[in-house]
Amino acid sequence: MTRNQNPGRAQRAADWADGRLGIYTLARANLRKIFPDHWSFMLGEICLYTFLIIILTGVWLTLFFKPSMGEVIYDGSYVPLKGVPMSEAYASTVGISFEVRGGLLIRQIHHWAAIVFVAAMFVHMMRVFFTGAFRKPREINWLFGFLLLFLGMLDGFFGYSLPDDLLSGTGIRFIEGVVLAVPLVGTYIQMFLFGGEFPGHDIIPRFFTIHVLLIPGIMLGLLVAHLILVFHHKHTQWAGPGKTEKNVVGMPLMPVYMAKAGGFFFLVFGIIALMSAVATVNPIWAYGPYRPDQVSTDAQPDWYMGFAEGLIRVMPGWEIGLWGHTLNLGVLIPFTLFPVILGAIAAYPFVESWVTNDRREHHLLDRPRNAPVRTALGAAWIGVYLVMLAGGGNDLIATHLHLSLNAITYLVRIGFFVVPVVTFVVTKRWCLGLQRRDREKVLHGRETGIIKRLPHGEFTEVHAGLAPAELHRLTAHEQSTTPLEAAAPIDENGVAHPAGVLTRTRARLSRGFYGEHARIAKATAEEYRELTEGHGH
């Protein structure tokens with residue numbers, strides 16, 4: 001009797017599960033899914049792997065951390081702190097660092113993984129932005145990615161604050177001042193977070209619940225939804241021979257991609273572990289426990305919160321009085337500006353779709369140079385971010401470089417308005433220059449460095465023709481879109497009326513995206529044929 005006629009116990013169990021869950025059918029449909037093979041797609045994998053590392057090390061740390069602000073007298077193994085009053089949260093964190101076997105390494109891995117996680121999400125979103133991978137049908141997935149980035153930054157701040165050391169306590173005090181600047185509801189929000197006057201007795205337990213349960217739960221749901229949509233919409237890919245809007249060229253999920261992904265996970269884990277072993281981050285024992293009457297020297301948040309801190313540090317301390325109440329504009333305006341800038345990033349796919357009136361599905365990526373306005377906008381945003389990051393560390397720049405703190409602050413204020421404009425103009429011109437270079441390469445070939453003398457005595461450089469794959473890559477992008485016009489609306493009597501403000505604005509923005517100054521016409525097949533056949537120069 002054959003095996004199929006008398007199945008074993010494992011096969012019967014598999015048949016039973018498949019008959020109720022459809023696992024085999026689901027696996028057969030998805031395990032051979034094709035993934036493109038390009039290094040830039042590994043950025044998203046770094047986000048996923050560092051998130052897993054954070055979850056694994058975070059679960060381990062919760063076994064030893066005590067989220068309590070109850071006061072104790074330290075009597076542990078770290079001698080410089082013996083006899084110092086501190087919270088149980090701080091004491092347990094010092095205990096994890098010096099008394100739990102491997103505790104300091106796990107703490108460092110957790111913190112470094114969080115830093116790399118946010119950095120990887122930032123770079124991943126920039127890759128998606130510059131290549132246009134957010135376009136239809138992936139706008140919702142862009143929003144999921146944006147929410148993951150925002151929640152990752154927020155959860156990083158909560159986790160950073162849990163040890164209750166002097167540095168994190170200074171950051172919490174900073175946030176308390178920002179919350180109190182919110183009109184009408186600021187005091188209520190402050191009481192909700194702190195459970196009383198600062199620092200209160202409930203802030204660490206509440207931050208612990210938010211950091212461990214609330215935000216990670218939301219992020220896990222968003223991550224699952226993000227991955228489901230990645231599977232549902234076929235992967236974007238770079239233009240190339242055989243690649244179209246209707247197919248994906250690459251490697252199958254099983255076994256090739258999974259083998260590479262597994263190896264890459266351990267590579268990421270190993271590099272983060274190496275960083276954690278040789279570069280200490282957040283040495284809380286050097287700061288000491290938090291005291292409301294002290295501020296740690298060189299108090300700085302993690303890099304991803306430096307932008308928000310820079311906004312507040314360089315904002316003038318303006319205050320106005322309205323109806324017997326004082327509005328602290330020096331804090332309120334930056335606090336409002338920060339979510340507005342982030343919200344503009346979230347809304348950008350819908351704004352570009354509205355401006356360009358592009359309703360098609362896009363599965364081929366843009367080269368950043370072929371979308372100069374979008375690339376310039378992204379570069380300008382990064383410029384603003386870096387300027388404000390420098391503003392968040394203005395004290396460190398002043399002390400380490402022996403410069404005037406006021407001079408740095410004024411320079412950052414000017415840079416906030418000047419740097420994005422200059423960056424936008426330079427980046428756009430740079431992209432147009434690269435487009436011209438691509439056009440010349442297509443029409444005349446690449447430079448070989450070989451100088452040839454013609455019969456009549458002229459010296460010229462020999463150009464080599466490009467391979468068909470390179471020609472395809474340089475000419476695959478579309479340029480058929482024309483700017484929208486502000487058409488005058490016509491009423492039921494056939495009378496045209498002046499176009500509205502919104503319509504005119506849309507037309508101006510469309511000309512900015514697609515006008516004659518926003519792109520260089522790519523080489524056409526007719527031009528290439530004329531040159532190669534010797535009919536033109």
Side-chain angles (χ1 to χ4, degrees), residues 115 118-119 122 150 153-154 156-157 160-161 165-183 186 190 198 281-282 287 290 292-322 326-345 376-427:
I115 295 174
V118 179
F122 181 85
F150 177 74
M153 295 168 60
L154 191 62
F157 168 76
Y160 177 84
S161 304
D165 60 288
L166 187 57
L167 182 60
S168 66
T170 303
I172 296 176
R173 187 61 180 265
F174 175 85
I175 293 298
E176 189 239 5
V178 172
V179 170
L180 286 176
V182 179
Q190 191 265 353
F198 180 84
V281 62
N282 197 23
Y287 306 137
Y290 177 67
D293 61 334
Q294 294 183 356
V295 176
S296 60
T297 304
D298 297 339
Q300 298 288 319
D302 283 334
W303 71 269
Y304 46 84
M305 297 302 294
F307 176 76
E309 178 154 337
L311 284 171
I312 293 181
R313 283 197 183 193
V314 303
M315 179 69 189
W318 296 340
E319 292 183 353
I320 61 173
L322 291 175
T326 300
L327 288 182
N328 187 349
L329 299 182
V331 177
L332 182 60
I333 291 178
F335 182 68
T336 306
L337 195 60
F338 181 61
V340 167
I341 294 175
L342 292 180
I345 298 172
L377 287 173
W381 184 87
I382 293 176
V384 171
Y385 192 98
L386 294 177
V387 168
M388 289 298 102
L389 188 63
N394 57 358
D395 55 339
L396 291 179
I397 297 174
T399 56
H400 285 67
L401 300 180
H402 306 290
L403 300 175
S404 168
L405 179 64
N406 291 332
I408 295 172
T409 302
Y410 281 111
L411 188 63
V412 172
R413 289 174 182 173
I414 297 172
F416 179 79
F417 298 98
V418 174
V419 167
V421 176
V422 174
T423 304
F424 179 88
V425 173
V426 171
T427 304

Identify whether NZ of Lys or CZ of Arg in Arg413 sits under 6.0 Å from the centre of the six-membered ring of Tyr410 and within 45° of that ring's axis.
-> yes
Shortest non-hydrogen contact between Val331 and Ala181, atoms and distance | CG1-CB, 3.6 Å
Indicate yes or no: at least one non-hydrogen side-chain atom of Phe150 is less than 4.5 angstrom from one of Leu342.
-> yes
Option among Val412, Ile382, Leu411 that satisfies the side chain to side chain contact (heavy atoms under 4.5 Å, CB included) test with Val387 = Val412
What heavy-atom pair brings Phe157 and Ile172 nearest, and what distance separates the two atoms?
-> CZ-CA, 4.4 Å
Where do Gln190 and Val182 land on the side-chain contact (heavy atoms from CB on, under 4.5 Å) test, with the steps shown first?
-> CA-CA 10 Å; Gln190 191 265 353; Val182 179; over 6 Å; no
Could you go step by step and tell me if Tyr287 and Thr170 meet the side-chain contact (heavy atoms from CB on, under 4.5 Å) rule?
-> CA-CA 11 Å; Tyr287 306 137; Thr170 303; over 6 Å; no
With rounding to the nearest 0.5 Å, note down the distance linking CG in Leu332 to CG in Leu337.
-> 11.0 Å
Over all heavy atoms of both residues, which pair between Ala380 and Pro420 is shortest? Give the atoms and the distance, please.
-> CB-O, 3.4 Å
First locate atom CD of Glu309, then atom CZ of Phe338, and finally report the distance between them rounded to the nearest 0.5 Å.
-> 11.5 Å
Using the side-chain contact (heavy atoms from CB on, under 4.5 Å) rule, take Phe174 and Ile312 through it: C-alpha gap first, then chi angles, then the decisive distance, then the call.
-> CA-CA 10 Å; Phe174 175 85; Ile312 293 181; 3.5 Å; yes
Under the side-chain contact (heavy atoms from CB on, under 4.5 Å) rule, what do Asp165 and Asn282 come out as? Steps first, then yes or no, please.
-> CA-CA 10 Å; Asp165 60 288; Asn282 197 23; 4.3 Å; yes
Shortest non-hydrogen pair, Leu327 vs Pro183, comes out as CD2-CG, 3.7 Å
Any donor and acceptor pair, going by atom type alone, linking the side chain of Thr399 with main-chain N or O of Leu396 inside 3.5 Å?
-> yes
Are any of the side-chain heavy atoms of Leu167 and Tyr160 separated by less than 4.5 Å?
-> yes
Minimum heavy-atom separation for Arg313 to Asp395, with atom names?
-> NH1-OD1, 2.9 Å
Interatomic distance, CD1@Ile345 vs CG@Leu377, rounded to 0.5 Å, equals 11.5 Å
Once you round to the nearest 0.5 Å, how far does CD1 of Ile414 lie from OG1 of Thr409?
-> 11.0 Å
What distance do Met315 atom CE and Phe335 atom CZ have between them, rounded to the nearest 0.5 Å?
-> 14.5 Å
dist Ile397:CD1 -> Ile408:CD1 (nearest 0.5 Å) comes out at 5.5 Å
Between Phe307 and Tyr385, what is the ring plane arrangement, given parallel below 30°, perpendicular above 60°, and tilted in between?
-> parallel
